[in-house]
Amino acid sequence: MTSTTVPDTGLPLDMIIFGGMGDLAMRKLLPALYMAYLHGNLEPTTRILSTGRQQFDRAAYLAHVEEHSRSFIASTNFDQRTWDGFLQLLEYVRLDVQAAPDFSALAQASRAGAQRVFYLSTAPSLFITICDKLSDAGLVDKNARVVLEKPLGRDLASAVDINEAVGKHFAESQIYRIDHYLGKETVQNLMVLRFGNSILEPLWRAPNISSVQITVAEEVGVGSRAGFYDSTGAMRDMVQNHLLQLLCIVAMEPPTSLAPDAVRDEKLKVLRSLRRFSLADIARDTVRGQYVRGVSGNEEVPGYMEEPNVPADSKTETFVALRAHVDTWRWSKVPFYLRTGKRMERRSSKIVIEFTNPPFPLFPETPGGVANRLVIELQPEEAIKLQIMAKQPGSGMQMQQVELNLDLQSAFQQRRAEAYERLLIDVVRGRLTHFMRRDELEAAWSWADPIINGWGVLGEKPDAYAAGSRGPSASFALLARDGFNWIE
Ligand code: NAP
């Protein structure tokens, strides 16, 4: 282990995870906390209290963590002594969030005078109850922080209800609405790329940029999460949060500082500038899809309707593509194409900024057409590439597209923390910049709600697409109409 750092309050940390036995806690939160511990970003005085309804003694709980969480730590990062030390920080508290007495037990388990971070990794429908009961049990003090997982609510009204209720007990500066895409190194780097250099910013606008594409494609299906997913769908699960947050980072004006509110004010302006969709816009500029049986990773996989717990009449979308507009001077007439789907050909998240071609074709045309693109890859690998034209060697003046590849791995020979680890450390240190403020979240729902409601009014079934494919053909037509293609 390297040197340790303490929370910004200087107090010992009690991290209390609701949904502590759930999928997110096992796959992401505990491995991220282990990594923070490994790298000296969690004091040995830290305690991590996982809560859940099942009856476990400490040994059974640790065995569960060993079985369900440890395998999500890369073997190169695994160190048995550090892991054993990390397990010493963990405790299990049996707690049903509906039962007030269980919160008294939690109050006993949590140390008086500790910095308490409550991580709500449950369905959002439980957030209000949890915060009310935490407060009743006297667990919320001025040092406490609460982390709220996404999606926060299922529409504007429920998001407002949650925000109001949480706000009764926690000041806005104590609330960390997490969107792990904002914790990705490459997404944070996009801000540096834009505002730490002078060469890109003058070009970063209409008419120099002809389109922006944001894709978050997953190879996995809904699997055992269909119960949750069917009442959610891709729009609420992905577009309203992850894709809109990425859009904000691309489209925002330069903030006056990196102070949380300076950055969040600029993102809010983008969200408020998003053009609202009429029913006609929804019919023309959005595509919903649902995967059917197909082949993924060389294996035949079931369609969405065949997944366990999906209702026979489900019209839930597992894919969305849409054309959005940011109605500002900078982005006038620039389409923002957003796309996300499950059971796509491969896991791939990227932002593609397509620049307009030179006004006069001096050199022989190359097939493919577009001269310059900035491609920001977020998954599976993080990379930043600038596609530019270069002369092909030889006697002619034929052009060819080549890539300037910003090789950040070799430029910075240092570890790049995973998003959850980075954001958890931000919470512990009281850094709010990469978390959503209440008004941002509500502005995002205000834009998404009419689209979701409009789909209901139109009543159409989502387009079928084969699992392992690139989504419904209508999503290609959406771009082709404007003379663009999805960049894979
Ligand atoms: P999950 O596996 O279903 O876990 C949720 C946990 O909530 C369960 O383990 C359950 O614990 C607990 N719970 C339910 N009712 C409870 C009650 N009355 N009292 C106490 N605990 C209760 O869900 P998840 O996938 O981890 O997701 C958690 C949250 O993170 C959701 O909001 C989800 O949208 C969000 N999220 C998840 C992922 C992901 O990859 N999984 C990614 C991004 C965001 P017990 O059964 O042990 O009581």
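All residue numbers in this chain count up from 1 along the given sequence. Since we're looking at a predicted model, the values are computed, not measured. Counting starts at 1 for both ligands and their atoms, in listed order.
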- Can you say whether the rings of W83 and Y34 are parallel (under 30°), tilted (30 to 60°) or perpendicular (over 60°)?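 W83 and Y34: perpendicular rings.
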- Measure the acute angle between the ring planes of F18 and F118, then classify it against the limits of 30° and 60° as parallel, tilted or perpendicular.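 Rings of F18 and F118: tilted, 30 to 60°.
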- Cation-aromatic face contact R470/W486, 6.0 Å, 45 degrees: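 Geometry flag: not set, cation outside 6.0 Å or 45°.
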Over 12 foreign heavy atoms within 6.0 Å of [atom1], [X]:
| X | atom1 | result |
| --- | --- | --- |
| Q80 | CD | yes |
| E418 | CD | no |
| L408 | CG | yes |

For ligand 1, which of its N or O atoms have a protein N or O partner closer than 3.5 Å, and how long is each gap?
unit_1	atom_1	unit_2	atom_2	d
ligand 1	2 (O)	D23	N	2.9
ligand 1	9 (O)	G22	N	3.3
ligand 1	18 (N)	D96	OD1	3.0
ligand 1	19 (N)	V97	N	2.9
ligand 1	26 (O)	D23	N	3.1
ligand 1	26 (O)	L24	N	2.8
ligand 1	32 (O)	T122	O	2.8
ligand 1	34 (O)	K150	O	3.0
ligand 1	40 (O)	R27	NH2	2.6
ligand 1	41 (N)	D23	OD2	2.7
ligand 1	46 (O)	R53	NH2	3.1
ligand 1	47 (O)	Q54	NE2	3.0
ligand 1	48 (O)	R53	N	2.7
ligand 1	48 (O)	R53	NE	2.7

